[in-house]
Amino acid sequence: MKQEIQITEIGGIRIGQAENTEAGTGCTVLISEKGMAAGLDVRGGGPASRESELMDPLTAAAEIHAVVLAGGSAFGLGAADGVMEYLEQRGIGFDVGVTKVPLVCQADLFDLTVGNSSVRPDKEMGYQACVNSEKGNYRDGNYGAGCGATVGKFAGMDFCMKSGIGSYALQIGELQVGAIVAVNALGDIYDWKTGEKIAGLLSEDRKSFRQTEELMYANTEVVENKFTGNTTIGIILTNGEFSKPSLCKIAGMAHDGYARSIRPVHTTADGDSIYAVSLGNIKADQDLVGTLAAEVMSEAIIRAVTSAESRYGFPSVHEFRNMPRN
């Protein structure tokens, strides 16, 4: 029987967050001191990432030591420098004789149009997120990589809504599978169980919804540049024991969770990416874990938008639902 658990109940990892609330950006760091096998599946057309090749099944690295989710687009990739410094100071990494080299992977979303575009996650913020992981400060909402996240941007930033970072986890017997996701999509967000739209593109008076897909269908002309600043980035965590190839497949199956909850998804204007990491030695079926991965990812997406608070002029789900309408 499936049982809901907290994402922090999955062992073998520490999660820390840091953000600059005024500037509207931040980062979320997941650290495995002993190392973790990891896979990656990228479906969006515009990813901003670091050390992605480490998760290619053909590369030699059997494990990595941290994953960073951050804002700042490609400018924010420097946050991993702070994570590397933190880990090297503690002797965590791949032993090369003269030192240990931490293997740190990172994916970023675009939040430069939200707060202060000149402030991005950097080495200092990445280091602070690691320090914060010692006390486990993870929270859903406007924190970490979700600080500047927004959704529903097909008609521009004037008609989008505030999103954030979310998590959800399930346990069956000893097996645990969870997801963390920073939702910053071009498209709209739907409750995957009911089909109801819960966040996304607003009407011109900002009192009701427009459907992004319908707006796209109404304009069949080629749009050369749909860029408004997007990308949904997530991580699947499991205590199941899997190799890199299996984790790449699990990450791919988790993208079904994106497709259930975000429409449209995987566009050229998004850099949608999902990591999958193995944190234990529980023997588990790959297809079962992949199926659970899609479910927890869909639910984490809902948590990301429903936990967010209105900020930077963008309404949250809570504010929108309670808005007076004539």
Side-chain angles (χ1 to χ4, degrees), residues 8 10-18 26-42 47-70 72-108 120-138 144-145 180 233-251 273-283:
T8 52
I10 300 177
I13 202 161
R14 299 203 319 264
I15 309 171
Q17 301 195 115
C27 66
T28 302
V29 178
L30 291 83
I31 296 173
S32 174
E33 294 189 2
K34 68 176 183 178
M36 54 188 169
L40 172 66
D41 192 296
V42 180
S49 58
R50 173 170 170 161
E51 292 279 41
S52 297
E53 290 300 314
L54 290 177
M55 284 158 291
D56 186 327
L58 298 179
T59 59
E63 58 188 27
I64 63 173
H65 304 96
V67 177
V68 184
L69 305 180
S73 188
F75 293 113
L77 293 172
D81 293 337
V83 180
M84 290 190 68
E85 179 176 308
Y86 175 91
L87 295 174
E88 184 186 24
Q89 289 174 350
R90 289 156 179 78
I92 299 168
F94 181 74
D95 194 343
V96 294
V98 294
T99 187
K100 290 185 178 179
V101 179
L103 302 182
V104 180
C105 299
Q106 181 171 346
D108 286 358
R120 303 94 180 228
D122 55 13
K123 181 177 181 179
E124 181 180 357
M125 185 181 286
Y127 192 97
Q128 186 60 50
C130 294
V131 172
N132 292 342
S133 76
E134 296 171 6
K135 295 183 178 180
N137 75 331
Y138 178 82
I180 294 175
I233 45 179
I235 306 174
I236 294 296
L237 302 81
T238 181
N239 64 352
E241 184 176 15
F242 295 103
S243 62
K244 270 200 294 186
S246 292
L247 289 165
C248 287
K249 178 60 176 177
I250 289 168
S273 305
I274 297 178
Y275 298 89
V277 298
S278 175
L279 302 165
N281 56 7
I282 302 299
K283 300 298 182 183

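Annotation: side chain of Pro102 is not in contact with side chain of Ile92 (no heavy-atom distance under 4.5 Å). Side-chain contact between Leu77 and Asp108 is present, with heavy atoms from C-beta onward closer than 4.5 Å. In this structure, the side chains of Tyr86 and Ile31 come closer than 4.5 Å at one or more pairs of heavy atoms. Put simply, the side chain of Arg14 reaches to within 4.5 Å of the side chain of Glu33, judged on heavy atoms. In this structure, Ser49 and Ser273 have side chains that are not in contact, with every pair of non-hydrogen atoms separated by 4.5 Å or more. Looking at heavy atoms from C-beta onward, Met36 lies in side-chain contact with Ile64 at the 4.5 angstrom threshold. At least one side-chain heavy atom of Glu241 sits under 4.5 Å from a side-chain heavy atom of Lys283.
Atom OG in Ser246 sits 12.5 Å away from atom NZ in Lys244 (nearest 0.5 Å). With values rounded to the nearest 0.5 angstrom, Leu30 atom CG is found 10.0 Å from Cys130 atom SG. Taken from CD in Glu51 to CG in Leu103, the straight-line distance is 7.0 Å, to the nearest 0.5 Å. Atom SG of Cys105 is separated from atom CG of Leu40 by 8.0 Å, given to the nearest 0.5 angstrom. Atom CD1 in Ile180 sits 8.0 Å away from atom CD1 in Ile10 (nearest 0.5 Å). If you take CZ on Arg90 and NZ on Lys100, they are separated by 14.0 Å, rounding to the nearest 0.5 Å.
Minimum heavy-atom separation, Ala66 to Leu87: CB-CD1, 4.1 Å. Of all the heavy atoms in Val277 and Leu247, the pair that sits closest is C-CD2, 4.0 Å. Counting all heavy atoms, side chain and backbone alike, Met84 lies closest to Val101 at CE-CG1, 4.2 Å. Closest approach of Arg50 and Gly78 over heavy atoms only: NH1-CA, 4.5 Å. Cys27 and Ala70 make their closest contact through CB-CB, 3.7 Å (heavy atoms, listed as atom of the first residue, atom of the second, distance). In this structure, Leu279 and Gly11 approach most closely via the heavy-atom pair CB-O, 3.5 Å.
Summarising the local packing, OH of Tyr127 is surrounded by more than 12 heavy atoms from other residues, nucleotides or ligands at distances under 6.0 Å. Within 6.0 Å of atom CD in Glu134, more than 12 heavy atoms from other residues, nucleotides or ligands are found, so the atom counts as buried in its surroundings.
Under a 3.5 Å cut-off, the side chain of Gln106 and the backbone N or O of Ala80 do form a donor-acceptor pair. With hydrogens and angles ignored, the 3.5 Å screen pairs a side-chain donor or acceptor of Ser278 with a backbone N or O of Gly240.
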Hey, mind stepping through Thr28 and Gln17 against side-chain hydrogen bond (donor to acceptor under 3.5 Å, both in side chains) and telling me if it holds?
CA-CA 4 Å; Thr28 302; Gln17 301 195 115; 2.7 Å; yes

